[in-house]
> 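Just passing along the structure, written as structure tokens.
In the text below, chain A, chain B and the rest are named by the order of the sequence lines, each starting its count at 1. Computed from heavy atoms alone, side chains included, the values below leave out hydrogens, waters and symmetry copies.
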There are 2 protein chains.
Amino acid sequence: MARMADAHEPLDPDGLQAYFALMDVAGLLKHGVEEQLREAGDLSYVQFQLLARLALGSPTGSERMTDLADGVVYSRSGLTYQAGLLEKAGLVVRAPSPDDERSVTVSITDEGRERIARVMPGHAEVIRRLFLHPMADGDVRRLAELLVPVRDHMRAAPPRSAAPRRKR
Amino acid sequence: MARMADAHEPLDPDGLQAYFALMDVAGLLKHGVEEQLREAGDLSYVQFQLLARLALGSPTGSERMTDLADGVVYSRSGLTYQAGLLEKAGLVVRAPSPDDERSVTVSITDEGRERIARVMPGHAEVIRRLFLHPMADGDVRRLAELLVPVRDHMRAAPPRSAAPRRKR
DNA sequence: AACTGTTGCTTCGAATCCGAAGCACCTGAC
DNA sequence: GTCAGGTGCTTCGGATTCGAAGCAACAGTT
């Protein structure tokens, strides 16, 4: 754990550099990936994320809207919009949950799985070329080991869906 | 360097995990930061990036539009829009460059520097709480050491401003 | 100088995004 | 039960975003 009592001090150089480097890398990578996704499968980055999460992350291929939104770091309203697009494209189906009448379950279709499969090889290639390639052999694993706990820590904090409602 | 001949193979688990973790962390971090910036100084994340780059990264406090856009990973048209907002808010000034009549030099104003200074302490705090805190002492530095070369590698590739123009 | 291609920025139109507000359902206290 | 508050999603309005096209200035060639 980092030292505790640095409340309002400016960031140390390492922290600053890590922060800016992280954001830059993510931004550049997102861009490269977005381009490839659009060309290869007419998908936006969010759409890819959503499909990938359903196809790879969920055993059943379905998930609640809220969980999807939180999992993908996205606003609820934005998700409604994207889910609508994906459904119109036939890559996904929405249905009310059996147990809770409010919630909507999103399920990937076979067509959705095909789309992901179609896009994946080129996707992997971009990731490798832009992101993985310049790292030495063990570095990728080390990076993952560094970042995964950070992600877990961030996810543990009240997620966007838990944002307190405004008083009326 | 990673092995060369893995052209269309799927990504190995480490690569996948590093990729997703990176994007998630960046997304979550951006969100937290955006919230703080809006409340503390009425700035969007891009606006903060722009001001920070001018205030901290440039000795003169000025930079060309294109260099700003590339530095901040942003579309040129988006930059035009944001530069307009920042100028209207008095945080920045635009002026044609003396040597090249086409290019526009953006300079941060004193008011802009004040704004950055005002926002920075809370900003640092969010970064620490969300991002730096869960890492052990040397980890931050290690992370920076891992990511900086990747950023440089990505920047070396033809940046967005060099995207080939469409034939007419 | 005239021509051609390039580069820097802005404008344009359409797509996407977000937060706030709204609606419906669910849950617990009474 | 019923009432109050919480939760899940969508709708709404407005802001932001991007790529393509447009415009002006530059640079090199002839």
> Which pair of non-hydrogen atoms, one from B/Val72 and one from B/Val46, has the smallest distance, and what is that distance?
CG1-CG1, 4.3 Å

> Write down the distance between NZ (B/Lys30) and P (C/dC18), rounded to a whole number of angstrom.
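Taking NZ of B/Lys30 and P of C/dC18, I get 9 Å after rounding.
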
> Hey, could you give me each pair passing side chain to side chain donor-acceptor pair (under 3.5 Å) that has a residue in residues 107-120 of chain A? Not counting sequence neighbours.
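Those involving residues 107-120 of chain A are A/Ser62-A/Ser107.
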
> Side-chain N or O of B/Arg94 versus OP1/OP2 of C/dT10: is the shortest distance under 4.0 Å?
yes

> Write down the distance between OH (A/Tyr81) and P (D/dC12), rounded to a whole number of angstrom.
15 Å

> Within this structure, what is the CG-to-C1' distance between A/Leu79 and C/dC18, rounded to whole angstrom?
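Those two atoms, CG and C1', are 13 Å apart.
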
> Please identify each residue that fulfils salt bridge (Lys or Arg N to Asp or Glu O under 4.0 Å) with B/Asp42, with sequence neighbours left out.
none

> Using the salt bridge (Lys or Arg N to Asp or Glu O under 4.0 Å) criterion, which residues pair with B/Arg64? Sequence neighbours excluded.
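Per chain and number, B/Arg64 pairs via salt bridge (Lys or Arg N to Asp or Glu O under 4.0 Å) with B/Asp67.
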
> Please list, chain by chain and in numerical order, all residues satisfying salt bridge (Lys or Arg N to Asp or Glu O under 4.0 Å) with B/Glu87, sequence neighbours excluded.
B/Arg94

> Starting at CD of B/Glu35 and ending at P of C/dC18, how long is that distance when rounded to a whole Å?
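For the pair B/Glu35 CD and C/dC18 P, the rounded distance is 13 Å.
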
> My understanding is that only residues two or more places apart in sequence, or in another chain, count here; which of them pass salt bridge (Lys or Arg N to Asp or Glu O under 4.0 Å) with B/Asp24?
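B/Asp24 satisfies salt bridge (Lys or Arg N to Asp or Glu O under 4.0 Å) with A/Arg151, A/Arg155 only.
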
> Which heavy atom of A/Val148 sits nearest to which heavy atom of B/Ala21, and what is that distance?
CG2-CB, 4.1 Å

> Once ring-ring contact (aromatic ring centres under 6.0 Å, His included) is applied, what residue pairs with a partner in residues 50-73 of chain A remain, sequence neighbours excluded?
none

> Other than B/Leu85, which residues form its hydrophobic cluster under the rule that side-chain heavy atoms must be closer than 4.5 Å?
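In the cluster with B/Leu85 are B/Tyr81.
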
> Rounding to a whole Å, what distance do you find between B/Met65:CE and C/dT10:C1'?
8 Å

> Name the atoms and distances for all side-chain donor-acceptor pairs under 3.5 Å in residues 140-147 of chain B, with sequence neighbours left out.
residue  : atom : partner  : partner atom : Å
B/Arg141 : NE   : A/Asp14  : OD2          : 3.0
B/Arg141 : NH2  : A/Asp14  : OD2          : 3.2
B/Arg142 : NH2  : B/Asp139 : OD1          : 2.8

> How close do B/His123 and B/Val33 get, counting heavy atoms only, and between which atoms?
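Scanning both residues completely, I find the closest heavy atoms to be CE1-CG1, 3.3 Å.
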
> Could you check how far CD of A/Glu34 sits from C1' of C/dC17, rounded to whole Å?
12 Å

> Listed in order of residue number, which residues of residues 82-92 of chain A have a non-hydrogen atom at under 4.0 Å from DNA chain D?
none

> What residues form a ring-ring contact (aromatic ring centres under 6.0 Å, His included) with B/Phe131, not counting sequence neighbours?
none

> Using whole Å, what does the distance between atom P of nucleotide C/dC18 and atom CG of B/Leu37 come to?
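Taking atom P of C/dC18 as the reference, CG of B/Leu37 is at 16 Å.
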
> Ignoring backbone atoms, establish whether A/Arg76 has a side-chain N or O less than 4.0 Å from OP1 or OP2 of D/dT10.
no

> Which residues in residues 95-107 of chain A have at least one heavy atom lying under 4.0 Å from any atom of DNA chain C?
A/Asp100, A/Glu101, A/Arg102

> Just how far, in rounded Å, is P of D/dT17 from CZ of A/Arg38?
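Atom-to-atom, A/Arg38 to D/dT17, this comes out as 16 Å.
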
> Once hydrogens and angles are ignored, does a donor-acceptor distance under 3.5 Å link the base of C/dG19 to the side chain of A/Ser77?
yes

> Tell me which residues in residues 43-57 of chain B put a heavy atom below 4.0 Å from DNA chain C, sorted by number, or none.
none

> Check whether any side-chain nitrogen or oxygen of A/Tyr74 sits under 4.0 Å from OP1 or OP2 of C/dC17, and answer yes or no.
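The answer is yes; a side-chain N or O of A/Tyr74 sits under 4.0 Å from OP1 or OP2.
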
